[in-house]
Amino acid sequence: MPELPEVETVRRGLEPCLAGARLARVEARRPDLRFPLPHKFAARLTGARIERLDRRGKYLVAPLSTGETLIMHLGMTGRFQVEGGEVRRRPGAFVQAAAADARHAHLVFETDAGALITYFDPRRFGFMDLVSGDAQVTYPTFLAMGPEPLGNQFHGPHLLEAFEGRRQAVKTLLLDQTIVAGLGNIYVCEALHRARIAPSAPAGHIALIRLERLASAVRGVLDAAIEAGGSSLRDYADASGAMGYFQHEFRVYGREGEGCPTPGCKGRVRREVHSGRSTFFCATCQR
DNA sequence: CCCACGACCTGTGGGC
DNA sequence: TGCCCACAGGTCGTGG
């Protein structure tokens with residue numbers, strides 16, 4: 001799924017055609033994604049103006065002129081395709097993603113400017129919600145969520161406090177959205193490698209100086225990934241169909257057996273499966 | 001509290 | 001070429 005950099009890339013791709021636009025037509029082509037769509041979903045959206053397109057962790061958040069807020073999560077395979085309207089594409093940056101399968105075109109949004117935004121999600125792990133008021137300060141999921149990793153509330157001391165007394169593997173806790181928002185399997189592996197911390201290290205035993213390094217590594221890898229337009233794995237593409245290219249800059253993810261990229265390190269990238277999820281790391285330089 | 005695992009759902013890639 | 005299995009970015013719930 002899209003982790004934070006991919007969701008941010010999608011947000012930036014959708015913002016020009018959604019923010020400030022009025023939804024002239026909304027079509028739900030099935031009653032549910034991961035969960036049932038909100039009651040009268042299409043009717044409540046039709047005619048509303050989208051005031052902004054924000055992001056919180058891996059969620060897209062769209063406050064509406066009706067006083068409600070549209071909340072969207074892309075799950076593992078959710079993506080938007082934009083056609084028509086005032087879609088801007090950077091010259092040379094456009095690579096057509098694999099043709100989207102119409103069977104998985106679950107939602108269609110049409111703006112008053114004529115942009116057609118289609119939500120595809122083959123696995124349907126994505127979901128949408130529509131709630132009253134300012135979700136950023138009322139939606140329970142957001143209230144429980146940890147700080148934005150690119151914001152100024154995320155730093156070594158935050159991790160020290162969040163990890164205090166906890167013996168779970170640091171990798172597990174970094175995936176916990178209530179500790180820090182937006183990280184997923186890929187960027188956790190990449191950040192731990194950059195910080196030279198073993199994924200299995202008991203979180204509560206890591207010294208502050210190493211947690212400072214970890215926080216910096218998280219910011220560094222997310223910044224670089226956003227700069228690259230996110231990562232394109234399998235069928236993921238940004239809102240205009242352009243492919244991100246950060247996957248070519250992964251240092252460990254998907255690189256089992258390759259030499260460790262840390263300068264001077266003679267180790268090899270290993271892959272281990274814990275709780276059904278792959279962890280990629282170098283046992284030589286990550287301690 | 002911790003942890004492993006299964007469930008949700010579909011597609012794809014690799015091995016044979 | 002065809003088949004089958006392992007595996008995939010996330011989250012949630014259960015049971016030990």
Side-chain angles (χ1 to χ4, degrees), chain A residues 1-11 30-37 55-60 71-80 97-106 119-129 139-142 144-146 149 162-191 199-205 221-222 225-226 228-238 243-250 252-257 271-280:
Chain A
M1 146 236 188
E3 302 181 33
L4 188 153
E6 290 73 42
V7 177
E8 177 60 21
T9 299
V10 169
R11 191 196 68 76
R30 56 175 300 136
D32 60 343
L33 295 170
R34 177 175 177 180
F35 306 116
L37 290 170
R55 180 188 55 72
R56 177 78 170 100
K58 302 172 191 175
Y59 290 76
L60 293 170
I71 297 165
M72 301 176 275
H73 193 292
L74 305 179
M76 294 273 265
T77 53
R79 70 176 256 218
F80 289 95
D101 188 332
R103 284 178 306 165
H104 303 305
H106 305 313
Y119 178 72
F120 295 82
D121 191 353
R123 292 178 75 178
R124 300 202 307 278
F125 285 172
F127 51 94
M128 303 215 174
D129 207 348
Y139 200 55
T141 299
F142 297 157
M145 201 173 273
F163 291 172
E164 187 181 0
R166 306 191 65 173
R167 276 170 263 182
Q168 280 167 284
V170 61
K171 185 201 175 194
T172 303
L173 293 192
L174 287 176
L175 289 169
D176 182 342
Q177 305 295 299
T178 69
I179 289 181
V180 55
L183 296 180
N185 202 38
I186 291 178
Y187 295 104
V188 164
C189 290
E190 293 294 309
S200 59
H205 291 172
V221 72
L222 295 180
I226 290 170
S231 309
S232 302
L233 287 98
R234 298 171 185 271
D235 56 355
Y236 173 73
D238 79 9
M243 309 292 279
Y245 55 87
F246 191 73
Q247 66 275 16
H248 303 300
E249 297 177 39
F250 290 164
V252 289
Y253 189 84
R255 298 192 181 280
E256 181 180 15
R271 171 176 171 268
E272 285 183 8
V273 177
H274 300 284
S275 307
R277 319 219 49 201
S278 290
T279 299
F280 295 89

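Just so we're on the same page: letters track the sequence lines, and every chain starts at 1.
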| said: So, OP1 or OP2 of C:dA8: does either fall under 4.0 Å of a side-chain N or O from A:Ser278? | reply: yes
| task | Would you kindly give the CZ-to-C1' distance between A:Arg277 and B:dA7, to the nearest whole Å? | result | 14 Å
| said: Are the side chains of A:Ile71 and A:Met128 in contact, using a 4.5 Å heavy-atom criterion? | reply: no
| request: With the side chain counted from C-beta on, respond yes when A:Val252 and A:Glu190 share a heavy-atom pair under 4.5 Å apart, and no when they do not. | output: yes
| task | Indicate whether the side chain of A:Tyr187 and that of A:Ser231 have a donor and an acceptor atom separated by less than 3.5 Å. | result | yes
| said: Just so I know, are the side chains of A:Arg79 and A:Leu74 near enough to count as touching, which here means a heavy-atom distance under 4.5 Å? | reply: no
What does the list of N/O pairs under 3.5 Å between the protein and nucleotides 8-10 of chain B look like, with a distance for each?
| residue | atom | partner | partner atom | Å |
| --- | --- | --- | --- | --- |
| B:dC9 | O4' | A:Arg123 | O | 3.4 |
| B:dC9 | O3' | A:Arg124 | NH2 | 3.4 |
| B:dC9 | O2 | A:Arg123 | NE | 2.8 |
| B:dC9 | N3 | A:Arg123 | NH2 | 3.3 |
| B:dT10 | OP1 | A:Arg124 | NH1 | 3.2 |
| B:dT10 | O3' | A:His104 | NE2 | 3.4 |

| Is a side-chain donor-acceptor pair under 3.5 Å present for A:Thr77 with A:Arg123? | no
| message | Can you list every stem that DNA chain B is part of, counting only runs of 3 or more consecutive Watson-Crick or G-U wobble pairs with both distances under 3.5 Å? | response | B:2-8 with C:10-16, B:10-16 with C:2-8
| To the nearest 0.5 Å, how far apart are CG in A:Asp129 and CG in A:Leu37? | 10.0 Å
| note | ring pair (Phe, Tyr, Trp, His ring centres under 6.0 Å) filter on A:Tyr245, not counting sequence neighbours, yields none
| Using atom P of each nucleotide, how far apart are B:dC9 and C:dG2 to the nearest Å? | 29 Å
| field | Whole-Å distance separating the CD atom of A:Glu164 from the C1' atom of B:dC1 | value | 15 Å
| Taking only residues two or more places apart in sequence or in another chain, which ones pass side chain to side chain donor-acceptor pair (under 3.5 Å) with A:His274? | A:Glu272
| request: Calculate the interatomic distance between A:Phe127 atom CZ and C:dG10 atom P; express it in whole Å. | output: 12 Å
| task | State whether a side-chain donor-acceptor pair under 3.5 Å links A:Lys171 with A:Thr279. | result | yes
| note | Between NZ of A:Lys58 and P of C:dC12 the distance, given in whole Å, is 10 Å
| Qualifying residues under ring pair (Phe, Tyr, Trp, His ring centres under 6.0 Å), relative to A:Phe142, sequence neighbours excluded | A:Tyr59, A:Tyr139
| Side-chain N,O (A:Gln177) to OP1/OP2 (C:dG10) below 4.0 Å | no
| Rounded interatomic separation in angstrom, taking CG from A:Asp176 and C1' from B:dC2 | 12 Å
| message | Expressed as a whole number of angstroms, how long is the span from A:His274:NE2 to B:dG6:C1'? | response | 18 Å
| note | Taken to the nearest whole Å, CZ/A:Arg79 to C1'/B:dG11 is 14 Å
| said: Tell me the interatomic distance from A:Leu183, atom CG, to C:dT11, atom C1', rounded to whole angstroms. | reply: 15 Å
Close N or O pairs between protein and nucleotides 14-16 of chain C (under 3.5 Å):
none

| message | Using 0.5 Å steps for rounding, measure from the CD1 atom of A:Ile226 to the CD atom of A:Glu6. | response | 9.0 Å
| request: Tell me whether the OP1 or OP2 atom of C:dC7 has a side-chain N or O from A:Arg271 closer than 4.0 Å. | output: yes
| query | Are any of the side-chain nitrogens in A:Arg34 or A:Asp32 under 4.0 Å away from the carboxylate oxygens of its partner? | reply | no
